[in-house]
Amino acid sequence: KHHLSLPKGDIPQNKVFPLKYDSLKFALPTNQIKSLLEDHLGDIKVLSIFPDNIHFNAQRIAHRKLPVQLNELITYKEQYTSIKTSIQPDSVWVNGPENVVDTMTKVSTRLWIGKKLDHNISEYIQLLIPDLVKSQVNAVLYQNNIERVTQNVNKLPIQIIGMPADVNIKLIPSNTEVYYMVPMSE
């Protein structure tokens with residue numbers, strides 16, 4: 001007795017038959033693959049194969065376009081902030097077993113960690129694609145425009161909207177200060 005394996009690749013479809021009509025359960029008669037084994041073995045003749053049928057389940061392949069979710073953990077240096085972030089592409093096509101792909105809602109990136117950032121970022125980040133699922137895109141370009149900011153303050157009047165004409169209200173104070181961060185370039 002010898003244990004042999006077929007070379008990697010697809011088994012011709014005309015060698016496999018479904019066990020039931022419209023079923024994903026198949027059987028491969030081993031006498032159908034004798035010639036495949038003999039081609040692989042050269043001058044060796046295969047006399048018999050046990051068991052006489054190989055049973056297996058197949059799965060439908062699903063194709064789906066999913067958004068990419070950036071997985072990041074970032075802190076900025078004091079007086080710096082992100083002005084604009086982007087990932088390219090922002091979505092990818094995946095394919096794989098229907099029961100896996102149909103449950104997917106997104107494709108996440110590996111965790112990208114940045115600490116006390118004070119400069120622009122432009123890096124490729126790997127995608128986390130589940131086993132048995134494939135995508136032609138394995139990484140996305142992450143760009144983060146970081147800029148120094150300054151604090152600004154504006155004094156704004158407080159107004160009452162929709163007050164009846166016969167009502168008189170005096171607001172104390174009559175204005176308020178609004179603080180906000182502004183990029184240095186603006």
Side-chain angles (χ1 to χ4, degrees), residues 7-11 13 22 24-25 56-186:
K8 284 191 175 186
D10 294 331
I11 295 172
Q13 287 184 352
D22 197 29
L24 294 176
K25 295 182 184 218
F56 61 93
N57 294 327
Q59 293 188 6
R60 294 186 200 286
I61 299 295
H63 304 278
R64 194 167 178 196
K65 189 174 186 178
L66 296 170
V68 174
Q69 180 181 8
L70 178 63
N71 191 5
E72 65 180 349
L73 183 59
I74 294 179
T75 60
Y76 298 98
K77 194 172 181 181
E78 192 172 323
Q79 292 188 325
Y80 285 83
T81 193
S82 175
I83 303 303
K84 180 182 178 188
T85 62
S86 67
I87 50 174
Q88 292 297 322
D90 63 354
S91 58
V92 294
W93 281 96
V94 296
N95 62 62
E98 188 176 58
N99 64 334
V100 176
V101 172
D102 282 354
T103 63
M104 296 175 67
T105 58
K106 65 187 178 295
V107 176
S108 297
T109 64
R110 289 194 185 274
L111 178 62
W112 193 89
I113 299 174
K115 294 181 181 180
K116 296 187 178 184
L117 298 179
D118 63 357
H119 59 280
N120 291 341
I121 304 297
S122 183
E123 289 186 22
Y124 283 93
I125 303 176
Q126 291 295 119
L127 294 175
L128 298 174
I129 299 174
D131 291 339
L132 305 176
V133 176
K134 296 186 184 202
S135 174
Q136 288 185 337
V137 177
N138 295 321
V140 293
L141 178 61
Y142 168 59
Q143 294 180 307
N144 190 342
N145 296 334
I146 298 170
E147 209 172 300
R148 190 173 187 155
V149 292
T150 185
Q151 190 176 41
N152 222 350
V153 64
N154 277 350
K155 198 174 248 191
L156 299 174
I158 300 173
Q159 295 178 328
I160 299 174
I161 297 174
M163 184 171 66
D166 60 339
V167 175
N168 191 10
I169 296 178
K170 180 163 175 103
L171 294 174
I172 300 175
S174 61
N175 54 41
T176 187
E177 291 181 342
V178 176
Y179 293 85
Y180 53 96
M181 304 299 279
V182 178
M184 295 288 275
S185 64
E186 292 182 13

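Only a predicted model underlies this, so the values are computations on that prediction, with no experimental measurement involved.
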Contact check, side chains of [X] and [Y], non-hydrogen atoms, under 4.5 Å:
{"X": "V101", "Y": "L66", "value": "no"}
{"X": "S122", "Y": "L141", "value": "yes"}
{"X": "P67", "Y": "D90", "value": "no"}

Where [X] and [Y] come nearest, the two heavy atoms and their spacing:
{"X": "A139", "Y": "P89", "value": "O-CD, 4.5 Å"}
{"X": "R110", "Y": "I125", "value": "O-CG2, 3.6 Å"}
{"X": "D102", "Y": "A62", "value": "OD1-CB, 4.1 Å"}
{"X": "P97", "Y": "L132", "value": "CD-O, 3.2 Å"}
{"X": "I160", "Y": "I169", "value": "CD1-CG2, 3.9 Å"}
{"X": "S135", "Y": "I129", "value": "CB-CD1, 3.6 Å"}

- Query: Yes or no on side chain to side chain contact (heavy atoms under 4.5 Å, CB included) for I146 and H119, after CA distance, side-chain angles and deciding distance?
  - Reply: CA-CA 6 Å; I146 298 170; H119 59 280; over 6 Å; no
Can you tell me how far [atom2] of [Y] sits from [atom1] of [X], rounded to the nearest 0.5 angstrom?
{"X": "L73", "Y": "L111", "atom1": "CG", "atom2": "CG", "result": "6.0 Å"}
{"X": "E98", "Y": "T103", "atom1": "CD", "atom2": "OG1", "result": "11.0 Å"}
{"X": "T150", "Y": "Y180", "atom1": "OG1", "atom2": "OH", "result": "10.0 Å"}
{"X": "L171", "Y": "T176", "atom1": "CG", "atom2": "OG1", "result": "11.0 Å"}
{"X": "S86", "Y": "K84", "atom1": "OG", "atom2": "NZ", "result": "6.0 Å"}
{"X": "N145", "Y": "Q143", "atom1": "CG", "atom2": "CD", "result": "7.0 Å"}

- Not counting sequence neighbours, which residues clear side chain to side chain contact (heavy atoms under 4.5 Å, CB included) with E177? List them please.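 Once residues adjacent in sequence are excluded, the partners of E177 under the side chain to side chain contact (heavy atoms under 4.5 Å, CB included) criterion are V153, K155, Y179.
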N/O donor-acceptor pairs under 3.5 Å from side chains in residues 75-82, not counting sequence neighbours:
residue, atom, partner, partner atom, Å
T75, OG1, K116, N, 2.9
Y76, OH, N144, ND2, 3.2
K77, NZ, D118, OD2, 3.4
Q79, OE1, R148, NH2, 2.9
S82, OG, N144, OD1, 2.7

- Enclosure of N154 CG (heavy-atom neighbours >12, cutoff 6.0 Å):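 More than 12 within 6.0 Å, yes.
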- Does atom CD of Q151 have more than 12 heavy-atom neighbours, drawn from other residues, nucleotides or ligands, at distances under 6.0 Å?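 Above 12, so yes.
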- Query: Among all residues two or more places apart in sequence or in another chain, which pass the ring pair (Phe, Tyr, Trp, His ring centres under 6.0 Å) test with W93?
  - Reply: none
- Query: Would you say the side-chain atoms of T109 pair up with the backbone N or O of N71, donor to acceptor, closer than 3.5 Å?
  - Reply: yes
